[in-house]
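As structure tokens, the structure follows; a few thoughts come after it.
Whatever order the structure lists ligands and atoms in, that order sets their numbers, starting from 1.
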Amino acid sequence: MDFRLTDEQEALRESVRDFAREAVAPVIAEHYEKHTFPYEVVRQMGKMGLFGLPFPEEHGGMGGDYFALCLALEELARVDSSVAITLEAAVSLGVMPIFRFGTAEQKARWLPKLVSGEALAGFGLTEPGTGSDAGGTQTRAVLDGDEWVINGSKAFITNSGTDITALVTVTAVTGIRPDGAKELSTIIVPSGTPGFTVAPGYSKVGWNASDTHELTFDDCRVPAANLLGERGRGFAQFLRILDEGRIAIAALAVGLAQGCVDESLKYAKERQAFGQPIGNYQAIQFKIADMELKAHTARLAYYDAAARMLAGEPFKRQAAIAKLHASTIAVDNAREATQIHGGYGFMNEYPVARFWRDAKILEIGEGTSEVQRMIIARDLGL
Ligand SMILES: Cc1cc2nc3c(=O)[nH]c(=O)nc-3n(C[C@H](O)[C@H](O)[C@H](O)COP(=O)(O)OP(=O)(O)OC[C@H]3O[C@@H](n4cnc5c(N)ncnc54)[C@H](O)[C@@H]3O)c2cc1C
């Protein structure tokens, strides 16, 4: 057993860390404040090959694996989570469904521009009326000749409304099974298709420089060939995508938790109270030690889940554990980092204010903490 990174993995981590510090940190606060999408940062990430990290070279990727993506996400989130979630959603929710389940034609048409980061794709599972209970999907798609006619709406869809969004994959009810259950399928809807409307961005608590929209489909027609994979496999497809995605979200959460350690360490050495740096007080030292402990153990949890996934072993429970633990400790660390910064921690000019606002969604997105506990309990046989 060896949890140390290879030279290649370490080099990737360092290059993303340098990029985050040099290209993201100086510009992100303004994007966050103004709720603007960081197109230039995304363009540079594309040039670095980050969107192609886990994809083979034949599709324009970097020939790496899912763990490489996780390392990049951790280092980005150490500086900013809006940029990290843009990459996470683009790769694990946007490109992966097409890469895993798409036909040769779909891959040839969409992968080159998605893998290069030139275009983004969204993943439309959640609806205004249902999130955790995806079986409650109301959006319908009916085959009319050689076209799907889609009606319904999707809520909170990341990367769905940028200037470079090329498509959204949408889960929809395409029939009823013999046992009375809904038949769910996934369909590719290109941006700009008539009947596909993207609402203005939400006003969010955090992730303010990431792109999130409600989508509506009103007699929206796409070719029958836009079905992703087999008809009726929608449920199995999104379960696979979400299982993997949880490891990526765990990595992102670890990055945020580690960013809280970085900022707190720096501040504890600078800030004076009662004639000495606050870092001299054991109360502050113990807070920072506990934060480091949490980031470290959550990192081991996602490394373990990723290792199992890459070995082709079952990893559902470990991915849920990693996501649950990492998101919980990210919120803990954001709270303690804010506390260490005192009143300045409540000021948006300090990165910890962003960490605080960005941490909570990690306990909700890609399966809430309650859903992770359900998955773990079920896997234990309950
Ligand atoms: C910024 C942002 C970006 C997002 N991006 C995307 C995206 O790109 N694509 C996408 O499809 N979705 C996206 N989502 C949606 C996200 O995945 C859902 O919000 C999440 O899965 C929870 O669903 P919900 O909001 O409907 O909550 P609900 O499912 O309504 O849950 C409400 C509460 O009830 C609890 N609960 C529900 N069922 C049970 C149960 N059986 N037992 C115990 N407790 C239960 C939940 O844990 C939660 O606490 C995004 C959300 C946000 C906020």
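The residue from Gln372, Arg373, Glu370 that puts a heavy atom closest to atom 45 (C) of ligand 1 is Glu370. Checking Thr158, Ile85, Leu242, Asp133 against atom 3 (C) of ligand 1, the nearest heavy atom belongs to Thr158. Nearest-residue assignment for atom 26 (O) of ligand 1 (options Gly131, Gly367, Gly136, Ala155; heavy-atom criterion): Gly131. The heavy atom nearest to atom 27 (O) of ligand 1, considering only Ser132, Ser369, Ala134, is found in Ser132.
There is no protein heavy atom closer than 4.0 angstrom to atom 36 (N) of ligand 1. Using a 4.0 Å threshold on non-hydrogen atoms, atom 33 (C) of ligand 1 does not count as touching the protein. Not a single protein heavy atom sits closer than 4.0 Å to atom 30 (O) of ligand 1.
In terms of polar-atom proximity, Phe156 is counted as a contact of ligand 1, with an N or O under 3.5 Å from an N or O of the ligand. Of the polar atoms of Ile157, none of the N or O atoms is found under 3.5 Å from an N or O of ligand 1, judged by distance alone. Note: no N/O pair closer than 3.5 Å links Gly124 and ligand 1 by distance alone. Residue Leu125 has at least one N or O atom closer than 3.5 Å to an N or O atom of ligand 1.
Residue Met374 has at least one heavy-atom neighbour below 4.0 Å for each of these atoms of ligand 1: 40 (C), 41 (N), 42 (N). When each atom of ligand 1 is checked for a heavy atom of Ile361 under 4.0 Å away, the hits are 52 (C), 53 (C). Remark: ligand 1 atoms within the under-4.0 Å shell around heavy atoms of Trp207 are 1 (C).
A salt bridge does not link Glu74 to Arg78: none of the charged nitrogens lies less than 4.0 Å from a carboxylate oxygen. With salt bridges taken as basic N to acidic carboxylate O contacts below 4.0 Å, none links Asp179 and Arg177. A salt bridge does not link Glu14 to Arg17: none of the charged nitrogens lies less than 4.0 Å from a carboxylate oxygen. Note on Glu30 versus Lys34: salt bridge recorded, some NZ/NE/NH1/NH2 to OD/OE distance being below 4.0 Å. Look at Asp332 and Arg335 and you find a salt bridge, because one of the NZ, NE, NH1 or NH2 atoms lies within 4.0 Å of a carboxylate O, short of that distance. For Arg308 and Asp304, the salt-bridge test passes: some basic side-chain N is under 4.0 Å from an acidic carboxylate O.
Proximity of Tyr202 to ligand 1, defined as any heavy-atom pair under 4.0 Å, is not found for any part of the residue. With a 4.0 Å heavy-atom cut-off, ligand 1 is reached by the side chain of Thr368 but not by its N, CA, C or O. At a heavy-atom cutoff of 4.0 Å, ligand 1 is contacted by the backbone of Glu366 but not by its side chain.
Remark: minimum distance from atom 15 (C) of ligand 1 to any protein heavy atom is reached at Thr126 OG1, 3.2 Å. Annotation: atom 20 (C) of ligand 1 to nearest protein heavy atom, Ile364 O, 3.5 Å. The protein heavy atom nearest to atom 9 (N) of ligand 1 is Phe123 O, 2.8 Å.
In this structure, the separation between CH2 on Trp356 and CZ on Phe346 is 9.0 Å, given to the nearest 0.5 Å.
For Ser116, there are no side-chain hydrogen bond (donor to acceptor under 3.5 Å, both in side chains) partners, not counting sequence neighbours.
Between Gln285 and Gln282, the closest side-chain pair of non-hydrogen atoms falls below 4.5 Å.
Residue Val168 is found in a hydrophobic cluster whose other members, listed by chain and number, are Leu143, Trp148, Ile150, Ile157, Val170, Ile187, Val189, Phe196, Val198, Leu215, Phe217, Val222, Leu227; membership requires side-chain heavy atoms under 4.5 Å apart, directly or through intermediates.
Minimum interatomic distance between Glu366 and Arg246 (heavy atoms only, all atoms of both residues): O-NE, 3.1 Å.
By the neighbour-count criterion of 12 heavy atoms within 6.0 Å, atom OH of Tyr344 is sparsely surrounded, having that number or fewer from other residues, nucleotides or ligands.
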